[in-house]
Every structure is written in structure tokens, then in C-alpha cells.
Amino acid sequence: MPNYTATYTDLYQLSMAQVYFNENHHSQKAVFDYYFRKNPYQGGYTVFAGLETLLENLNDFQFSKEELDYLAGQHFEAKFLSYLKDFRFRGSIYSVLEGDVVFPNQPILRVEGSLLEAQLIETFLLNMLNFQSLIATKARRMRYIAPDGVLLDFGLRRAHGPGGYYASRAAFIGGFNGTSNVIAAKQFDIPVSGTMAHSFVQSYDDELQAFRDFAQNRPKNCVLLVDTYNTLKSGLPHAITVAKEMEERGEKLMGIRLDSGDLAYFAKECRKRLDEAGLSYVKIAVSNQLDEYVIKSLQEQEAPIDIYGVGTNLVVGKPDAALGGVYKLVAYNEEPRIKISENIAKITMPYSKQVYRLSLADGPWIGADAVALFDETEFDSIYHPFDQYKSMKIEHLEKEALLQPVMLNGERCHAPKSLQAIADYSAKRFAQLPLEYKRFSNAHHYKVGISKKLRDERDALIKQYKTI
Ligand SMILES: Nc1ncnc2c1ncn2[C@@H]1O[C@H](COP(=O)(O)OP(=O)(O)OP(=O)(O)O)[C@@H](O)[C@H]1O
Ligand SMILES: O=P(O)(O)OC[C@H]1O[C@H](OP(=O)(O)OP(=O)(O)O)[C@H](O)[C@@H]1O
Ligand SMILES: O=C(O)c1cccnc1
């Protein structure tokens, strides 16, 4: 996979950086927030993913000689390029932990550093976090609807180029059990699995011989694709024959895969005939344009499916093309900064902030998070960001600070977490989210309120800029 060097960026970041440098602003302290405004899939939550990838690759976020030579050809000045020779990200990052569920308009991650370094990592940061959070959320929706099913990522061939690599990682965070993507499995220690393609069966004159050869050469976790010619008249009977032959060798056929037609009907029919043949241990896998809605429908039809192989809809995050996470300047040179918009939802929230997850003393989340100034400890109410009549008393609630230091002055604060640990944490956090935020249609709106002090400071800034 690529090294994410510092030209993994948009040109405008470098243009701005040169100006900061020439005007001697580059070392001023800047604070940026990462957040998004809308959950994907019209859902009630987003699974935050990509943090570990970001932190790990920030080490390589430097300019090579070739890159600097290239930039010299793009009209960047020699003095600035010479400064970039030693560029490293030496700032600090405070973040929600990877895998947690997060909500619109709350800071999920805060970058503090020199203006130049915090600006230069924007594109890379958004590229990592937006995509993986989109895919982890899609995966979580499928895991939610099929709590007991085995979910496998089959998406690499349909992914947007190399995006498939991180899609497999994100899918695992969102609750998938494994992937067919060998490089991602190896790199991230994801269980790898797979069956066979139609081409394998087609390459033989005889389907039975194809199955026999496969079972003899790959007996472990052998899954036979039964729909190449006729599922019930040919594929399934041949699979049963091979399963029996495997039994004679002391082996067990792991499963069959259905990839077309009415999956519920075929799964039921195959289950019945497998059971009648004494092969109740043989699992049924399905694939073919699955998503959370098809899986839900299959479950409602009580289709006896054990394994779901999901490709396209998972790895491209269909029907949403992207998570629109943004990175906004909230303080500069120790002063708050705001971006005003006619659309009040797009007015940014100035200052360094902390986010608190609110829960009852005995554990359950209440469906609201509080955003306050980062050093504010005493606040007993939260307010709707723009509706002055909406507020909530929170003094009786537990407040869990979500933004934790993960990098200080360019150094990581903790050893890298394994993907399994991130996935476990994600499952645990999702389990704490009340059900009404998990449904697919008209999900309950999770509240993100702000402290009075933050609201007052923000309003004062808005007034100040409105008079300009
Ligand atoms: N029983 C079912 N309930 C709900 N959705 C299903 C069911 N069976 C299949 N699907 C889904 O319906 C969509 C289209 O299925 P369809 O039977 O048209 O398959 P197909 O792609 O036309 O297959 P074929 O290869 O036979 O042409 C797919 O997304 C599939 O997962
Ligand atoms: O439908 P998706 O969710 O995207 O899942 C991946 C698809 O990729 C394979 O089909 P393909 O036709 O590429 O190859 P095959 O001959 O192995 O079926 C597989 O059989 C699935 O149908
Ligand atoms: O292993 C499989 O069955 C598989 C892998 C990728 C895409 N479709 C199917």
C-alpha cells in the first residue's frame, strides 16, 4: 500500500502553507476540529473509523527530494521548499477512540499544532477518516440486522480502486467476521476466507468433477458454489455427493454458496435437502448484491442462511457516496475563530472543546452528548446550538470525556491498538446505544448540546462578525 507522503494532499494546502511561511504566520498555534453534519444512510449514528491508520501514517507524512523537486516545478519558492525538507507533524491530536459511535456536529477529533502543520494534514486526515467511517457504519448496520450471521467482505473487486484495502479494515471494525481480501487480511490480521468462482466450475466439463477436485485439493473450509447451472437439480446434488465422499475421508464439507435467484427460497430448499442427507453441519452462504435491507428481508423470510458475503454495497458505502466530514479552524494564535454562514447549521463552533457522553449513574446512555469549552468543568445544562428554547439539565448525569490525547507533540500517546481490540471496543460502544437510534427509518435524533458558556462565547463572536 502507498506511503502517505506529504504530497497526498490538495494543492491549495501547499499554496496556503507557502503564504503562511512567507508572511511568518506558519508557527502560530492553530486548532482544527474534525466533524460531520449528517449521519450516512439516513441513520441515527456513525461509527468512527480510520484513526489508527491516520496516526500510523502521519510518521511518513514528509516530503522526499523528488516531491520537493516536483513542487519547485509548480512555482513554489526555494526558501519555502527548503523549509519543507524537515517538515514533520509535531502537533497534538485529541480524539474520540476509534470504533466509538459518534454523531453530527460534535467534534470527533481536534488537531493542535503550528498553523502550517495542522493545515498540511487536512486532506490526508479527511481522506482516512471520512471513508473508513462511512464503511464501518455500513458494516455495523448489517451486523445489527444479522447479529448471529457470519458476515464476510467480498468487495475488493467492486471497490473504488485501492479504497478496497481500507474498506476491509473498516468493515471489520463495523462487525464483519472476515474478508476475502488477502492483503488487507494479512496486513490487519483479519480472518481471511473465501469460496470459489463460477469460472472454476465452468472450466470443467463436469460440475461434479469440479467439486471433487476442489474438495480434494482444498478440503479445509471448503465451500462449493452450487448455482452455476441449476442449483436444485445439479449444484446441490453434486455438493451432497462430494460431502458424502469427504465424510468417507474423515473430512467435512463446510458449506455451499448461492449467488443468484431467490436466495430465501433456495436457502430453504437446500437446507431441507442437506438435512435429509444427514448434512445438517453444512452451512449455507449467500451473495449477490446484499445490503442491510436485503439481509433484513432474508431474515424476515426466515431463510436458513449462515453466511452473508457482501461486496459492492459494503465497500462503496451505497447509496451514500461519501461521509462529508470537515476540518475547520476553531482557534488561531490563542484566539477563537468562526466561519459564518447564511445556513446556521454551517456556522462553525469556535474554541478548543471537549465532548462528554452523558449517561445515567447505572450506565445507560441517555441519547445526548455535551460539547463544552475544553477546560470547562462546571456546567449543569446543555443547550440546543441554535434554538434558545431548548435546553436540558444534566447535573445528575455521568459525563464521560470523549476527546482523549492520542498524539502529543508528534509522539503517539499509546502503543498501536490491534484491529481486533478496536472492533471489540466498537461492538461494546454500539451495544450501549439505545435501540431507537439504530433503526433504519426515522431513527431518533441523538442530541448534541452545548454549554452556556460555549453558546455565549460563540454568539458574541457571531455578533462581532455580523457587524463587519
Ligand atoms: N428472497 C429474497 N428476498 C429479498 N431479496 C432477495 C431475495 N433473493 C434475492 N434477493 C436480492 O434481490 C436482488 C436481485 O435478485 P435476482 O433474483 O434478480 O438476482 P439476479 O441478479 O437477477 O440473479 P441471476 O443471476 O439469477 O440473474 C439481489 O440484491 C438479491 O440479493
Ligand atoms: O454482489 P456483491 O455484493 O458485489 O458481491 C460480490 C460478488 O462478486 C462475485 O461475483 P462475480 O460475478 O464478480 O464473480 P463470480 O463468477 O465468482 O460470481 C460474487 O459471486 C458476488 O456475487
Ligand atoms: O470467496 C468468494 O466466494 C468471493 C470472493 C470475492 C467475491 N465474491 C466471492
Side-chain angles (χ1 to χ4, degrees), residues 135 138-139 141-143 145-146 149-161 163-165 167-168 170-172 174 176-186 190-204 207 210-211 214-215 217-218 220-236 239 253-272 282-319 440:
I135 305 306
K138 188 74 175 174
R141 289 162 67 82
M142 292 186 235
R143 168 51 66 211
I145 213 65
V150 172
L151 296 175
L152 300 178
D153 152 40
F154 281 176
L156 183 58
R157 68 190 53 204
R158 310 273 190 254
H160 295 163
Y165 179 67
S168 301
F172 193 69
F176 267 53
N177 301 87
T179 182
S180 64
N181 178 345
V182 181
I183 191 169
K186 174 176 165 293
I190 303 171
V192 68
S193 63
T195 72
M196 61 168 60
H198 292 110
S199 55
F200 179 79
V201 181
Q202 289 169 272
S203 73
Y204 283 75
E207 186 182 53
F211 288 180
F214 201 86
N217 287 281
R218 295 282 294 170
K220 204 163 163 14
N221 298 331
C222 175
V223 178
L224 303 172
L225 177 60
V226 294
D227 72 341
T228 305
Y229 303 118
N230 186 313
T231 300
L232 297 179
K233 290 195 179 136
S234 155
L236 182 67
L253 176 67
M254 181 179 164
I256 58 163
R257 175 162 74 99
L258 303 166
D259 187 49
S260 57
D262 185 324
L263 298 174
Y265 168 74
F266 281 121
K268 283 178 190 173
E269 216 38 49
C270 289
R271 181 75 277 151
K272 195 166 124 239
V282 174
K283 297 194 184 320
I284 297 184
V286 300
S287 50
N288 188 14
Q289 293 297 313
L290 302 180
D291 64 8
E292 63 271 46
Y293 297 100
V294 173
I295 295 174
K296 184 168 189 276
S297 167
L298 292 170
Q299 303 240 328
E300 282 163 2
Q301 297 167 71
E302 298 180 355
I305 294 167
D306 305 289
I307 302 166
Y308 299 89
V310 190
T312 316
N313 293 309
L314 169 69
V315 299
V316 305
K318 223 169 156 182
F440 290 164

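Order of listing sets the numbers, starting from 1, for every ligand and every atom in it. Worth knowing before you read on, the calculation uses all heavy atoms, side chains too, and leaves out hydrogens, waters and symmetry mates. Heads up: numbering here begins at 1 and tracks the sequence.
- A donor-acceptor pair is defined here as one N or O able to donate and one able to accept, closer than 3.5 Å; such a pair exists between the side chain of Arg257 and the backbone of Met196.
- Considering backbone and side-chain atoms alike, Gln289 places an N or O below 3.5 Å from some N or O of ligand 2.
- Distances from atom 1 (O) of ligand 3 to the heavy atoms of Val223, Asn288, Thr195 show the closest one on Thr195.
- Here's the thing with Arg257: one of its N/O atoms is less than 3.5 angstrom from an N/O atom of ligand 3.
- Cation-pi geometry between Arg143 and Phe176 is not met: the NZ or CZ atom fails to fall both under 6.0 Å from the ring centre and inside 45° of the normal.
- No more than 12 heavy-atom neighbours from other residues, nucleotides or ligands sit within 6.0 angstrom of NZ on Lys283.
- Interface of Arg257 with ligand 2, defined as ligand atoms under 4.0 Å from a residue heavy atom, comprises 19 (C), 20 (O).
- Numbered from 1 in the order shown, with element, the atoms of ligand 2 that lie under 4.0 Å from a heavy atom of Thr312 read 2 (P), 3 (O), 4 (O).
- No donor-acceptor pair closer than 3.5 Å links the side chain of Asp227 to the backbone N or O of Gly235.
- In this structure, Glu300 pairs ionically with Lys296, as a charged nitrogen and a carboxylate oxygen lie closer than 4.0 Å.
- Each of the atoms 2 (P), 3 (O), 4 (O), 5 (O) of ligand 2 lies under 4.0 Å from some heavy atom of Gly311.
- In terms of polar-atom proximity, defined here as any N/O pair under 3.5 Å, Asn313 makes no such contact with ligand 2.
- Near Gly194, the atoms of ligand 3 lying under 4.0 angstrom from a non-hydrogen atom of the residue are 1 (O).
- Evaluated for a side chain to side chain contact (heavy atoms under 4.5 Å, CB included) with Leu290, the options Thr312, Leu263, Ile305 yield exactly one hit, Leu263.
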Side chain to side chain contact (heavy atoms under 4.5 Å, CB included) between Ser287 and Tyr308, intermediate numbers included:
CA-CA 6 Å; Ser287 50; Tyr308 299 89; over 6 Å; no
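- Scanning both residues, Leu236 and Cys270, for their nearest heavy atoms gives CD2-CA, 3.8 Å.
- Only the side chain of Arg158 comes within 4.0 Å of ligand 2, judged by heavy-atom distances.
- For Ser193, no nitrogen or oxygen atom sits less than 3.5 Å from a nitrogen or oxygen atom of ligand 3, counting backbone and side chain alike.
- Contacts with ligand 2 closer than 4.0 Å are made by no heavy atom of Lys318, backbone or side chain.
- Near ligand 1, heavy-atom contacts under 4.0 Å come from Ser260, Gly261, Asp262, Leu263, Ala264, Asn288, Gln289, Leu290, Val294, Ser297, Leu298, Gln301.
- Among all protein heavy atoms, the one lying closest to atom 22 (O) of ligand 2 is Asp259 OD1, 2.7 Å.
- Interface atoms of ligand 2 facing Ala197, defined by a heavy-atom separation under 4.0 Å, are 17 (O).
- Considering every non-hydrogen atom in both Cys222 and Ala215, the closest pair reads SG-CA, 4.0 Å.
- Side-chain contact between Ile307 and Ile284 is absent, with no heavy atoms from C-beta onward closer than 4.5 Å.
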Please determine whether side chain to side chain contact (heavy atoms under 4.5 Å, CB included) holds for the pair Val315 and Val310, giving the CA-CA distance in whole Å, both sets of side-chain angles, and the decisive distance to 0.1 Å.
CA-CA 9 Å; Val315 299; Val310 190; over 6 Å; no
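- If you number the atoms of ligand 3 from 1 as listed, the ones under 4.0 Å from a heavy atom of Ser180 come out as 5 (C), 6 (C).
- When all heavy atoms of Gly317 and Ile135 are compared, the pair lying nearest together is N-CD1, 3.6 Å.
- Put simply, the side chain of Lys268 gets close to the backbone of Gln301: a donor and an acceptor are under 3.5 Å apart.
- Side chain of Asn177 to main chain of Leu151: a donor-acceptor pair is present (N/O by atom type, distance under 3.5 Å, no hydrogens or angles).
- Of the N or O atoms in Gly309, none lie within a sub-3.5 Å distance of an N or O in ligand 2.
- Atom 14 (O) of ligand 2 has its closest protein heavy atom at Arg157 NH1, 3.2 Å.
- For Thr231 (side chain) and Phe266 (main-chain N/O), no donor-acceptor pair under 3.5 Å exists by modelled atom type.
- Close approach of ligand 3 to Phe154 is summarised as follows: ligand atoms under 4.0 Å from at least one heavy atom of the residue are 1 (O), 2 (C), 3 (O), 4 (C), 5 (C), 6 (C), 7 (C), 8 (N), 9 (C).
- Protein heavy atom nearest atom 16 (O) of ligand 2, with residue, atom name and distance: His198 ND1, 3.1 Å.
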